[in-house]
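Step one of this worksheet: look at the structure below.
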Protein chains: 2
Amino acid sequence: MDLKNVSLLLLVLFLLSCQEKSNNNSSPQTIVDLTYAFDSETIFWPTADGFKLDTVFVGENPKGFHYEANNFSTAEHGGTHLDAPVHFFAGRNTVDAVPLDRLMGQAALIDVSGKCANDPDYRVTKGDFIAWEKAHGYPVDDMIVLLRTGFGKYWPDRKKYMGTDERGEAAVAKLHFPGLHPEAAKWLVENRSIKAIGLDTPSIDAGQSQKFGSHVTLFEHNIPAFENLANLDKLPDSGFQVIALPMKIKGGSGAPLRVIALLK
Amino acid sequence: MDLKNVSLLLLVLFLLSCQEKSNNNSSPQTIVDLTYAFDSETIFWPTADGFKLDTVFVGENPKGFHYEANNFSTAEHGGTHLDAPVHFFAGRNTVDAVPLDRLMGQAALIDVSGKCANDPDYRVTKGDFIAWEKAHGYPVDDMIVLLRTGFGKYWPDRKKYMGTDERGEAAVAKLHFPGLHPEAAKWLVENRSIKAIGLDTPSIDAGQSQKFGSHVTLFEHNIPAFENLANLDKLPDSGFQVIALPMKIKGGSGAPLRVIALLK
């Protein structure tokens, strides 16, 4: 083997080792937890039951070891949770039936926090999606789409986060927080093929919504929604993955969700 | 460039294209759900409260759209769930504090179903781990280790799955199902560095355990356990990843777990 061949062989080995390294480097990812913990302060809809933890036992067991265990009760729709399509559309997926491949994948973050800063009733438009797509050069097809309204910074202050800290039916009219415009939901289902959508407010429809048009449109098309997401300010606007695994409640209309982002 | 150089260059390009293809092919993965759904049949410890779903509303809303929502209550430790280290060791991680990187990663499946078929009290030994390591040529360090006892095939038949379908304190002595031998747990924490461990029975200690030695040893070392895993018969014994995301209960000793495997 002459010198040129040896150099070429070394080049092969070098390039292969570079590839291998870059493969290995792709595995140590940064994990961002997009989930709020459930406790007595966790924010629920004004009409819903909150989260309650009851201690069954905590302390030294007579057999000589430490033991602790609890029971808990909660509404399906509170804290960081998944809305299953059946929540607002009869015959669509219950939470246990949402396909897992809808809950994992590449994600897009649409940052509308600037627009929401002075307008707590802001509704994300078709134009907001198109602006993101123009900036990135590709559509949001097959992606999990997250909307950052910036309202996450108010958690767990109910009054700031959702417009009122009152409870009960009368408080619903006082809700103010951003959401997705029903026309934008219609545009999404007719023109794009997204896996799921999520945001950092209590509901995919804005607080002042009466008819929950974004819920109805998305859920008719079996697109689930993630609500009360945490830490959206720690995400870039593209180039990350989301994994969202809800508690598997048979026939549930929603469930507590543990949701994370993987950043390279 | 002579012919030999051209061949070597083609070899470079061929090898690089092979690597690239194998990278691309790694993306469409098979997802296996290792989680049982929660319903009124879900198996809990004989002394624990079971899962209860209460309908809040289901039907046509006066505003003209379908709506349904539920409340639920449950013990932390039932169905497919995570045992947080604090469950059996004071001062160790609560479920919300278990680091996410312990809950995701390469996995090993130790299949002891042959040994358990005729011995419902079988306890997985150090030898079972070493046999897997010898067969695969590497230790279980930094991995999520799953034990397949084969008892998953009995779910949701309580009598077959856990030895008794009775409830209450007196039923505990009648529990029969396989688990991890406390000596093997000791060997694991002293000689290996695993991320987490899981199995297809109600408890990481076998049904006849009195002192829960495997729980205590693992949890002292902050190694969480996944219990009542489903579909372990659908996994190979190596070359797959596990992602296990528990409900984030502040201060919880455990929680419902949604856990999946990713197969290439």
Side-chain angles (χ1 to χ4, degrees), chain A residues 2 4-5 8-9 11-12 15-16 19-20 23 31 33 35-39 48-49 53 56 58 63-77 79-80 86-90 96 100-101 104 210-212 215-216 243 245-254 256 258-260, chain B residues 2 4-5 8-9 11-12 15-16 19-20 23 31 33 35-39 48-49 53 56 58 63-77 79-80 86-90 96 100-101 104 210-212 215-216 243 245-254 256 258-260:
Chain A
D2 64 19
K4 274 189 193 166
N5 282 349
L8 260 174
L9 190 61
L11 178 68
V12 179
L15 288 174
L16 286 177
Q19 288 249 139
E20 205 167 316
N23 288 350
I31 308 171
D33 195 347
T35 320
Y36 293 116
F38 281 88
D39 62 19
D49 287 359
L53 190 72
V56 175
V58 57
K63 288 179 185 166
F65 51 82
H66 174 87
Y67 181 77
E68 62 184 88
N70 310 287
N71 293 332
F72 68 92
S73 62
T74 182
E76 289 169 333
H77 301 273
T80 303
V86 80
H87 185 37
F88 275 85
F89 209 96
D96 53 314
L100 288 164
D101 62 7
M104 306 170 62
Q210 299 293 314
K211 296 196 163 177
F212 298 90
H215 280 89
V216 174
I243 301 172
L245 297 183
M247 181 177 163
K248 194 170 180 179
I249 299 174
K250 183 86 177 170
S253 75
R258 190 69 181 269
V259 49
I260 62 174
Chain B
D2 65 18
K4 274 189 195 165
N5 282 349
L8 261 173
L9 190 61
L11 178 68
V12 178
L15 288 173
L16 285 178
Q19 289 249 138
E20 203 166 319
N23 288 349
I31 308 171
D33 195 347
T35 320
Y36 294 115
F38 281 88
D39 63 19
D49 287 0
L53 190 72
V56 175
V58 58
K63 289 178 184 165
F65 51 81
H66 174 87
Y67 181 76
E68 62 184 88
N70 310 288
N71 293 332
F72 68 91
S73 61
T74 182
E76 290 169 331
H77 301 272
T80 303
V86 80
H87 185 37
F88 275 86
F89 209 96
D96 53 314
L100 287 164
D101 62 8
M104 307 170 61
Q210 299 294 313
K211 295 196 165 177
F212 298 91
H215 280 88
V216 174
I243 301 172
L245 297 182
M247 181 177 166
K248 194 172 179 176
I249 300 174
K250 183 85 175 171
S253 75
R258 190 69 180 268
V259 50
I260 62 174

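In the text below, chain A, chain B and the rest are named by the order of the sequence lines, each starting its count at 1.
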Identify which of B/Ile260, B/Val216, B/Thr80 forms the greatest number of heavy-atom pairs closer than 4.5 Å to chain A.
B/Ile260
Report the C-alpha distance between B/Ile243 and A/Leu245 in whole Å, list the side-chain angles of each, state the deciding distance to 0.1 Å, and finish with yes or no for side chain to side chain contact (heavy atoms under 4.5 Å, CB included).
CA-CA 9 Å; B/Ile243 301 172; A/Leu245 297 183; 4.2 Å; yes
Just verifying a value: how many Å separate A/Thr35 OG1 and A/Arg258 CZ, rounded to the nearest 0.5 Å?
5.0 Å
Looking at every heavy atom in both A/Glu68 and B/Gly251, which two are closest together, and how far apart are they?
OE2-O, 4.5 Å
Non-hydrogen atoms of chain A under 4.5 Å away: do they reach the side chain of B/Val86, the backbone, both or neither?
both
Heavy-atom pairs under 4.5 Å with chain B: which of A/Ala48, A/Pro246, A/Gly254 has the most?
A/Pro246
Does any heavy atom of chain B fall under 4.5 Å from the side chain of A/Phe89, the backbone, both, or neither of them?
backbone
Which bit of A/Leu100 is near chain B, if near means a heavy-atom gap under 4.5 Å: side chain, backbone, both or neither?
both
Parallel, tilted or perpendicular: rings of A/His77 and A/His87 (30°, 60°)
parallel
Contacting region of A/Ile249 [heavy-atom separation from chain B under 4.5 Å]:
both
Rounded distance (nearest 0.5 Å) linking atom CG of B/Asp96 with atom CG of A/Asp39:
9.0 Å
